[in-house]
Number of protein chains: 2
Amino acid sequence: MPATILIVEDEPAIAELVSLHCKHAGYSVKVAHAVLDARDIVDEALPDLIVLDWMLPDKSGIDFARELRKDDRTRDLPVLMLTARAAEDDKVRGLEVGADDYVTKPFSPKELMARIKALLRRAAPESSDEPVEVAGLRLEPAAHRVSGNGAELKVGPTEFRLLRFLMSRPDRVMTRQALLDGVWGDHVFIEERTVDVHVRRLRVALEPTGHDALVETVRGGGYRLRKR
Amino acid sequence: MPATILIVEDEPAIAELVSLHCKHAGYSVKVAHAVLDARDIVDEALPDLIVLDWMLPDKSGIDFARELRKDDRTRDLPVLMLTARAAEDDKVRGLEVGADDYVTKPFSPKELMARIKALLRRAAPESSDEPVEVAGLRLEPAAHRVSGNGAELKVGPTEFRLLRFLMSRPDRVMTRQALLDGVWGDHVFIEERTVDVHVRRLRVALEPTGHDALVETVRGGGYRLRKR
DNA sequence: CAGGGATGTTACGGCTCTGTGACACCGATT
DNA sequence: AATCGGTGTCACAGAGCCGTAACATCCCTG
């Protein structure tokens with residue numbers, strides 16, 4: 001599921017340029033030419049990041065950014081301000097208002113994309129260290145420990161990460177590739193069948209408390225952790 | 001009493017930007033435009049953190065950082081290096097010399113503030129002198145004594161600090177690096193494997209009362225002190 | 001019910017990580 | 001100088017873990 005970027009920019013040429021680069025980088029893109037449109041898009045489907053022009057036909061980008069900061073739903077939405085003004089003053093004002101970063105026109109697409117990636121990475125829901133519990137199965141990231149109904153379970157490192165990943169998205173079918181990406185990391189070259197083996201090892205590890213039944217096989221699809 | 005941050009930066013625009021954000025975050029701020037001024041301020045009123053530019057008119061920020069590391073009074077003063085250079089080389093040099101973190105220009109203020117907060121949090125003294133007790137194992141900081149179920153145990157200085165650190169965060173996996181930082185202090189360059197050796201020595205020291213089993217190994221993760 | 005693809009299960013060679021004992025260095029004390 | 005406790009590093013061996021292959025089973029399809 002790629003991140004969605006909303007571009008708010010009235011100059012078609014710039015909007016197109018940014019959009020193209022974002023798509024090329026694998027992001028899903030939406031474009032608005034005015035704050036009015038932008039607001040609709042934000043309401044309808046919350047994007048993961050907004051590239052916001054400073055000067056817009058109906059309202060200043062700064063006002064829109066300020067507006068976003070007031071709503072709980074959009075408070076933490078990263079905003080990258082795009083501006084023709086290079087005055088130090090504006091930078092300060094833009095950042096004070098709640099932009100997370102800014103780029104002045106003319107900008108290098110390379111730099112823009114680097115900033116976008118940086119913002120997205122920073123905003124990414126850091127795998128919280130809060131304990132997770134599903135159907136009596138408890139996983140404590142900080143302690144690196146798994147217990148079923150109170151009894152401690154011995155789980156290997158990879159199985160631990162696998163279980164954590166599954167527990168973070170219960171009831172959702174995960175393809176082998178998704179598991180490889182999420183547990184092993186993208187860009188690793190590992191046989192998909194290896195996932196099967198680790199799933200088995202995980203099941204064995206969970207057996208003492210009967211929680212092995214939580215890990216379900218979806219034939220032709222992948223694996224899923226039952227919520228209850 | 002808010003924490004005081006000293007900003008050492010010769011470019012007025014940047015100094016102002018950083019200063020503004022720091023004040024906005026509730027910190028007390030002092031600004032120096034050269035190392036000479038900075039030295040005075042540090043002597044007069046020790047700040048809680050220094051944001052230090054790499055290039056300064058009278059002396060390189062790196063030299064100043066190195067200087068700070070030599071004085072007992074400023075040894076543990078967190079330094080956040082601010083640099084236009086992004087070369088990997090400089091990064092390494094900066095950290096070697098004793099910067100605790102660095103941010104390259106241009107930076108996003110949000111990130112800068114996040115790092116500042118992180119550094120301040122990490123530097124916060126939390127070493128209470130209250131005795132700690134975990135699972136029958138008692139450690140008295142003031143008396144520099146460790147006892148298990150009443151019987152006194154002979155524990156070396158480093159092992160004592162190690163145990164104290166572990167006991168302050170029971171049930172939590174500590175990486176070797178975290179232990180190095182917490183027990184030996186940041187800025188030391190010691191092999192991670194050395195931690196293993198001291199853990200062993202600690203276990204041997206705790207053996208007489210069987211509390212050695214409290215110190216658990218988390219393969220690939222570090223060490224953890226069992227709470228019970 | 002036969003065929004074939006998908007998954008479960010087991011075994012194994014290779015590799016990484018950790019436990020452990022030895023050793024040299026250093027500063028303080030004698 | 002000699003001794004001694006404490007410390008950091010190293011080398012070696014054993015334990016644990018990993019990815020893969022190979023074989024066994026299961027399950028859908030026709």
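Residue numbers start from 1 in every chain, and the chains themselves are labelled A, B, ... in the order their sequence lines are given, proteins ahead of strands. All values below were derived from every heavy atom in this structure, side-chain atoms included, with hydrogens, water molecules and symmetry-related copies excluded.
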Give one of base, sugar-phosphate or nothing for G156(B), where a contact means two heavy atoms less than 4.0 Å apart. nothing

Polar side-chain atom of E9(B) near backbone of E11(B) as donor-acceptor pair, under 3.5 Å: yes

To the nearest angstrom, the CD-P distance between E191(A) and dT20(D) comes to 5 Å

Answer yes or no: does atom CZ of R172(B) have more than 12 heavy-atom neighbours from other residues, nucleotides or ligands under 6.0 Å? no

Salt bridge or not between E159(A) and R201(A)? Use side-chain N to carboxylate O under 4.0 Å. no

Please report the distance, rounded to the nearest Å, between CZ in R203(B) and C1' in dG21(C). 16 Å

Reckon Y223(A) touches a base, only the sugar-phosphate, or nothing at all at heavy-atom distances under 4.0 Å? sugar-phosphate

Could you check whether any side-chain N or O of R161(B) sits under 3.5 Å from a backbone N or O of V183(B), counting only pairs where one atom can act as donor and the other as acceptor? yes

Between dG8(C), dG8(D), dC17(D), which one does the side chain of R219(B) approach most closely? dC17(D)

To the nearest Å, give me how far apart CD (E192(B)) and C1' (dG8(D)) are. 14 Å

Expressed in angstrom and rounded to an integer, what is the separation of L179(B) atom CG from dT18(C) atom P? 12 Å

Could you please name the option among dG19(D), dG8(C), dG8(D) that lies closest to any side-chain atom of D196(A)? dG8(C)

Below 30° counts as parallel, above 60° as perpendicular, anything between as tilted: where do the rings of H198(B) and W184(B) land? perpendicular

Interatomic distance, D212(B) CG vs dG19(C) P [rounded to whole Å]: 12 Å

Ignoring the backbone of H198(B), work out which of dT7(D), dT20(D), dA6(C) is nearest its side chain. dT7(D)

Taking CZ from R200(B) and C1' from dA13(D), how many angstroms apart are they, rounded to a whole number? 14 Å

K154(B) NZ to dG5(D) P, straight-line distance once rounded to whole Å: 8 Å

Any idea which of dT9(D), dC18(D), dC26(D) is nearest the R201(B) side chain? dT9(D)

Which part of the nucleic acid, if any, lies within contact of T217(A), taking any heavy atom under 4.0 Å across all strands shown: a base, the sugar-phosphate backbone alone, or nothing? sugar-phosphate

Residue R193(B), side-chain heavy atoms: nucleotide from dT20(C), dT9(D), dG8(C) that is nearest: dT20(C)

The side chain of E159(B) lies closest to which of these nucleotides: dC18(D), dT18(C), dT7(D)? dT7(D)

Out of dA6(C), dC18(D), dG19(D), which nucleotide sits closest to the side chain of W184(A)? dG19(D)

Ranking I190(A) and V155(A) by the position along DNA chain D of their nearest nucleotide, the one closer to 5' is V155(A)

Rounded to whole Å, please give me the gap between CZ in F189(B) and C1' in dT9(D). 17 Å

Out of dT20(C), dG8(C), dC17(C), which has the shortest distance to the side chain of V197(B)? dT20(C)

